[in-house]
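Every chain is numbered from 1, with letters handed out A, B, ... down the list of sequences.
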Protein chains: 2
Amino acid sequence: MHTLEHLQALAVELIESERYLNEPKSLFEPIDYAMRQGGKRLRPLLVLIAADMFDEDVSKARYAAAAVEILHNFTLLHDDIMDNSPLRRGKPTVYKQFGNNQAILSGDAMFALAMQYGLKTESYAANAIANVLSQASIDVCRGQALDMDFEQRDNVTIEAYIEMVRLKTSVLLGCSLKMGAIIARTEQANIAALSDFGEFIGIAFQIKDDMLDCWSKVEDFGKVKGKDIADKKKTFLYLKALETADGDMRNRLLSLYNDDSAEQNEKISRVIEIYERLNIKSIAQNVVEDYTKRAMESLERVSATEESKKNLIIFANKLLIREK
Amino acid sequence: MHTLEHLQALAVELIESERYLNEPKSLFEPIDYAMRQGGKRLRPLLVLIAADMFDEDVSKARYAAAAVEILHNFTLLHDDIMDNSPLRRGKPTVYKQFGNNQAILSGDAMFALAMQYGLKTESYAANAIANVLSQASIDVCRGQALDMDFEQRDNVTIEAYIEMVRLKTSVLLGCSLKMGAIIARTEQANIAALSDFGEFIGIAFQIKDDMLDCWSKVEDFGKVKGKDIADKKKTFLYLKALETADGDMRNRLLSLYNDDSAEQNEKISRVIEIYERLNIKSIAQNVVEDYTKRAMESLERVSATEESKKNLIIFANKLLIREK
């Protein structure tokens, strides 16, 4: 078994050593740009961790690892168009840099490239990998569709929110672990349990992310404090606050959240104040811990040595105990 | 072997009996809408013809046939956004009907669905089918990128134009035949020859289409006469005319074609007049015939009975001798 640091370095190297500069340039330059915007390469890392867990040669997992990162970046690329997001990781998003049409088309080609990479996996697993990738893609689209639907609604339940997060974010983490496990030829029950681990961790991760938007201790979080509030995003915090508040406070929160004329910093402070009055921070923390616990229970179901599970436990802790 | 009419009916039935109404509706309604806009279902038909040619049970080709039609409609859907096309087959395009964001997202999901359908093919062929589909998708994206690049350029060669058409249109016809042949487990040389047939026919088809825009004998062509000219599209006719004309006429054509203030019908008549003076109609007809000949030579290379090749010959004639 390899250390997490080793696998992390491998995941980064795997993605960043690859160039995508094919012809025509107008199609491939945006792809290369998108793939070189950095990031933690968490999904490829998960593919490698899962293969390594069952003592499989991690190089057999390299195509699946590349595939899931290309797929992930394709979804970001199209999401940025739909969400009108000008910046990603401090740089102009692809559609801002190259225009809408090129971004749509290069995203499409990335999806095809992701499938091609996945299909390069050794033949015993290639079919299953392609299936997992395409199924996960449909789920990610379903999640993004729900996310856009929710923007128009004021009656989104926590349950619906969590299902949206599962589809939009978690499924791809589960898919990454699943692919590593498939490549390692482990039994079906292990593959399913690892996929569950990924999905539960993903939900915990997203709610933690929602929390860090309001209560990050670290200055350089990379996002402005309260950005979700400024963007009127329907986060776990907001939806839970609407669910928890009595009629009066509910109305105040609703009108404050949707007030475009309010001074931003003032608005953000007042929303956070309401969250705190309603105890949303500790409710959210409990939900994060609950999903983390479910993830750990899934991991326990995997029939592998305790030693081999260590990397996933460290991975989960890093994601969930972070303060930025 | 089945008759072409039988296979055509089968192809239409295969596509139109399927519904795509899953949850969430905002994702799947546009897909269902796109898949029910009609059309000749040429690509599924080609999959069936190729499988049938080698006496394979055509029902084994049904998933690949559905896959290529979904893939084709996905590319139309995204192309319509990029090209700002309000109508397709007389109905509002998906982005006009459902909005840009839903059209981007539903297109993405269609791509994933196409892969899923392809992968449902029996296991001996599933992997190859997925490979062919994803490779064809990249080629279609390359073709669309070139097409958009050409809009900005006035020095597009005929050779470059034909390569664009090959990628954007022909590859998917070749891919359809290829998949049918793979499913029929015929030898590699036959698969390659059929793929060539599809690509050559596709090029002939597109140039014929360019011609029909100017010289359709039939009133109900479904398109307005000279629409390509009105849209300032860089067709074979326009590029060949620029290549053929002397300096004076070349300048007249350039300024006329790009003149937005000209009265449309007047402009269209004058452009067609220039084409006729330069003999472009018969040059184009020769090129159509040349590519048809190449297609037929490819078909001759296929080791199968003359009888079994009849459907493809009828198919090609229908496409190329049409007057609308």
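At distances below 3.5 Å, at least one donor-acceptor pair connects side-chain atoms of S134(B) with backbone N or O atoms of N131(B). Remark: the backbone N or O of L172(A) is not paired with any side-chain donor or acceptor of H72(A) at under 3.5 angstrom.
Annotation: maximal heavy-atom pairing with chain B below 4.5 Å, among L133(A), D108(A), N127(A), N22(A), occurs at D108(A). Here L105(A) is the residue among I104(A), L113(A), L105(A) with the most heavy-atom pairs under 4.5 Å with chain B. Your options are A126(B), A114(B), A112(B), S123(B), and the one with the most heavy-atom pairs under 4.5 Å with chain A is A112(B). Most heavy-atom pairs under 4.5 Å with chain B: of the set A109(A), P24(A), G107(A), S137(A), this distinction falls to P24(A). Options Q102(B), M148(B), K120(B) differ in how many heavy-atom pairs under 4.5 Å they form with chain A, and the most are formed by M148(B).
Between Y33(B) and F98(B), the two ring planes are perpendicular [angle over 60°; tilted spans 30° to 60°]. Ring orientation note: the planes of Y238(A) and Y257(A) are close to parallel, at an angle under 30° on the 30°/60° scale.
Within a 6.0 Å radius of NZ in K96(B), other residues, nucleotides and ligands contribute 12 heavy atoms or fewer.
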